[in-house]
Amino acid sequence: MSKLTIKEIAKMAGVSPTTVSFVLNDKQGVSDETRKKVKEIIQKTNFKPSLNSRRLFFKKSYNISLVMQQTSSPFDDLFYFDITKGLLEKSKKFGYNLVFADIDMRGNNVVLPEIIRRNDTDGVVFLADMPPAIINQIEKREIPFVVIDSQSLSNEYSSIRADYRLSARTATKYLVDMGHRDIAFVGKSNVPNFYLQVFSGYKDVLDEAGIPIPSSWIQIDAVDELSAYHCMEHILRSGSIPSAVFCATDVFSIGAINCARSMGYRVPEDISFASIDDVLLSRYFDPRLTTVSIDMFKMGSLAMEMIVQKINGKPVQSVTIESDNLIIRDSVTSREPSVCLNNTRYESTAL
């Protein structure tokens, strides 16, 4: 038996295909009596519209492109991997396919992925900020888009971002509250807006506490675990040893900790480490990382809600998610016999 179509259901109910589609998508404009009649036929026939039928009727592809530049991949980056889980979970609710694609710049020319070139996507979700040339190409094609983990401080386009300055303040203040006065920094300068936010949060706390920062302890060339290892190597060969290190990401903490251990230092007994992200690995690395949790699943979930709203022609506002959720684990120890601040004793947080 061939699969039923919307037109056949409409004929059985004595209504138009548009009415059936309104009922299927729970839209207004159908009387209660007609809605009940159509639903009874749908239930009796166990009718489920095919994706092609929905595409033809609503003139939509029901694809949303998750786009990154060719230099990165969500599966190589733990942070973006967790974001994609939120996107995928929410996409089920809206009935959209999530299609992964990359985008490239060849000189001044933008190389769009095929799914965008052939107009087979209803919207685009960018992982991180894109060069203006790429944004311009998407806008020219009038494709709705949202940016996840935007570092831009402007509101030029719809985005979901974290307040990394606040995250850095939270992590650094915890180190100071735990009695640390010699605190080094490992970050990355290849993403200027991210670096500016994170370093500013770190420096705010040390300036407020009147704590000087030796220039040799400021390392800004980390981009991954290996480069963070080398940054920590520079710090430890500088002639003075910090009691703690604030790292801009958990991956940097892991690289820096591996370096410290390879050079004979105990963690956290000799050197404590705190960072930002709370990627899955941070809970199982030894020692478990003290970090400021960024709700990556929520970022992905919100992005899917926003892009669907934009596809449906509804206005959306950019969102800044909670960015000061400190997760206390094992990579920080106190430099004082007992630490009790604001009548609250810090304790390790379970998995």
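- One N or O on the side chain of Ser331 and one on the backbone of Thr290 form a donor-acceptor pair closer than 3.5 Å.
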Using side chain to side chain contact (heavy atoms under 4.5 Å, CB included), reason through Val30 and Val15 one step at a time and then give a plain yes or no. CA-CA 10 Å; Val30 180; Val15 298; over 6 Å; no
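- In terms of modelled atom types and a separation under 3.5 Å, the side chain of Lys37 and the main chain of Ala13 share a donor-acceptor contact.
- Using a 4.5 Å cut-off on side-chain heavy atoms (C-beta onward), Val198 and Ser167 make no contact.
- Thr121 places a side-chain N or O within donor-acceptor distance of the main-chain N or O of Ser65, the cut-off being under 3.5 Å.
- A donor-acceptor pair under 3.5 Å links the side-chain atoms of Ser91 to the main chain of Leu88, judged by distance alone.
- In terms of heavy atoms, Ile276 sits closest to Ala168 at CD1-N, 3.8 Å.
- For Ala101 against Ile115, the heavy-atom pair with the smallest separation is CB-CG2, 4.5 Å.
- Applying the salt bridge (Lys or Arg N to Asp or Glu O under 4.0 Å) test to pairs two or more places apart or on separate chains, those with a residue in residues 259-280 are Arg266-Asp270, Asp278-Arg283, Asp278-Arg329.
- Geometrically, Lys188 does not engage Phe252 in a cation-pi contact defined by less than 6.0 Å to the ring centre and at most 45° from the axis.
- For the atom pair Lys90 NZ and Glu305 CD, the distance stands at 4.0 Å (nearest 0.5 Å).
- Looking at Met68 and Phe100, their side chains come closer than 4.5 Å, going by heavy atoms from C-beta outward.
- Taking 4.5 Å as the limit, some side-chain heavy atom of Met12 sits within range of a side-chain heavy atom of Thr45.
- Counted by atom type alone, Asp182 and Ser243 present zero donor-acceptor pairs between their side chains at under 3.5 Å.
- Within the 4.5 Å cutoff, the side chain of Ile235 has heavy atoms near those of the Pro242 side chain.
- Taking the six-membered ring for Trp and thresholds of 30 and 60 degrees, Tyr202 and Phe185 have ring planes inclined between 30 and 60 degrees apart.
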Report the C-alpha separation of Tyr157 and Met130 in whole Å, then their side-chain angles, then the decisive distance to 0.1 Å, and conclude whether the side chain to side chain contact (heavy atoms under 4.5 Å, CB included) test is met. CA-CA 11 Å; Tyr157 39 73; Met130 292 286 153; over 6 Å; no
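- Evaluation of the salt bridge (charged side-chain N to carboxylate O under 4.0 Å, His left out) rule for Lys85 yields Asp82 as partners, not counting sequence neighbours.
- Trp217 and Met178 fall within the same hydrophobic cluster, where Ile, Leu, Val, Met, Phe, Trp and Tyr residues are linked whenever their side-chain heavy atoms come under 4.5 Å apart, directly or through other members.
- Here the CD1 atom belonging to Ile271 is positioned 8.5 Å from the SG atom belonging to Cys259, to the nearest 0.5 angstrom.
- Put simply, the side chain of His180 gets close to the backbone of Thr333: a donor and an acceptor are under 3.5 Å apart.
- When only modelled atom types and interatomic distance are considered, Asp224 and Ser227 share a side-chain donor-acceptor pair under 3.5 Å.
- Heavy-atom minimum distance, Ser275 versus Thr249: CB-O, 3.5 Å.
- In this structure, the side chains of Tyr265 and Ile241 come closer than 4.5 Å at one or more pairs of heavy atoms.
- Hydrophobic clustering (side-chain heavy atoms under 4.5 Å, transitive across Ile, Leu, Val, Met, Phe, Trp, Tyr) keeps Leu226 apart from Phe285.
- Side chain of Ser318 to main chain of Ser159: a donor-acceptor pair is present (N/O by atom type, distance under 3.5 Å, no hydrogens or angles).
- Hydrophobic clustering, with ILVMFWY side chains joined whenever heavy atoms are under 4.5 angstrom apart, keeps Val223 apart from Val191.
- Residue pairs meeting the ring-ring contact (aromatic ring centres under 6.0 Å, His included) criterion with at least one partner in residues 107-142, sequence neighbours excluded, are Phe126-Phe145.
- In this structure, Asp163 contributes its side chain and Ser323 its backbone to no donor-acceptor pair below 3.5 Å.
- Ala162 and Met299 get closest at one heavy-atom pair: N-CE, 4.5 Å.
- Side chain of Ser200 to backbone of Leu196: a donor-acceptor contact under 3.5 angstrom is found.
- Listed by first and then second residue, the salt bridge (Lys or Arg N to Asp or Glu O under 4.0 Å) pairs involving residues 231-240 are Glu233-Arg237 (not counting sequence neighbours).
- With values rounded to the nearest 0.5 angstrom, Lys173 atom NZ is found 14.5 Å from Phe246 atom CZ.
- Across Arg35 and Val23, no two heavy atoms sit closer than the pair NH1-CA, 3.9 Å.
- Remark: the backbone N or O of Ser240 is paired with a side-chain donor or acceptor of Ser238 at under 3.5 angstrom.
- Residue Val146 is grouped with residue Phe94 when hydrophobic side chains (ILVMFWY) are merged at heavy-atom distances under 4.5 angstrom, including chains of intermediate members.
- Of the N and O atoms on the side chains of Asp149 and Tyr80, at least one donor lies less than 3.5 Å from an acceptor on the other residue.
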Please step through side chain to side chain contact (heavy atoms under 4.5 Å, CB included) for the pair Glu225 and Asn258, ending with a clear verdict. CA-CA 9 Å; Glu225 181 183 348; Asn258 286 337; 3.2 Å; yes
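- With rounding to the nearest 0.5 angstrom, the CD1 atom of Ile254 is 4.0 Å from the CG atom of Leu281.
- Here CG of Leu289 is found 13.0 Å from OH of Tyr284. Values are rounded to the nearest 0.5 Å.
- The hydrophobic clustering, which links ILVMFWY residues whose side-chain heavy atoms are closer than 4.5 Å, places Ile183 and Ile328 together.
- Residues Arg141 and Val124 fail the side-chain proximity criterion, which asks for heavy atoms closer than 4.5 Å.
- Considering all non-hydrogen atoms of both residues, Met304 and Leu87 come closest at CE-O, 3.7 Å.
- Under the side chain to side chain contact (heavy atoms under 4.5 Å, CB included) rule, Asn97 has a single partner from Asp122, Asn63, Ile64, which is Asn63.
- You'll find the side chain of Val279 stays beyond 4.5 Å of the side chain of Phe81, heavy atoms only.
- Rounded to the nearest 0.5 Å, atoms CD1 (Ile218) and NZ (Lys203) are 9.5 Å apart.
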Evaluate Ile116 against Gln137 for side chain to side chain contact (heavy atoms under 4.5 Å, CB included), listing each step before the verdict. CA-CA 10 Å; Ile116 293 176; Gln137 285 292 320; over 6 Å; no
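- By the 4.5 Å heavy-atom criterion applied to side chains, Pro268 and Val332 are not counted as neighbours.
- Under a 3.5 Å cut-off, the side chain of Ser189 and the backbone N or O of Gly187 do not form any donor-acceptor pair.
- Considering only residues two or more places apart in sequence or on other chains, Thr170 meets the side-chain contact (heavy atoms from CB on, under 4.5 Å) condition with Leu166, Val292, Asp324, Leu326.
- Sequence neighbours left out, the pairs with a member in residues 208-217 that pass salt bridge (Lys or Arg N to Asp or Glu O under 4.0 Å) are Arg169-Glu208.
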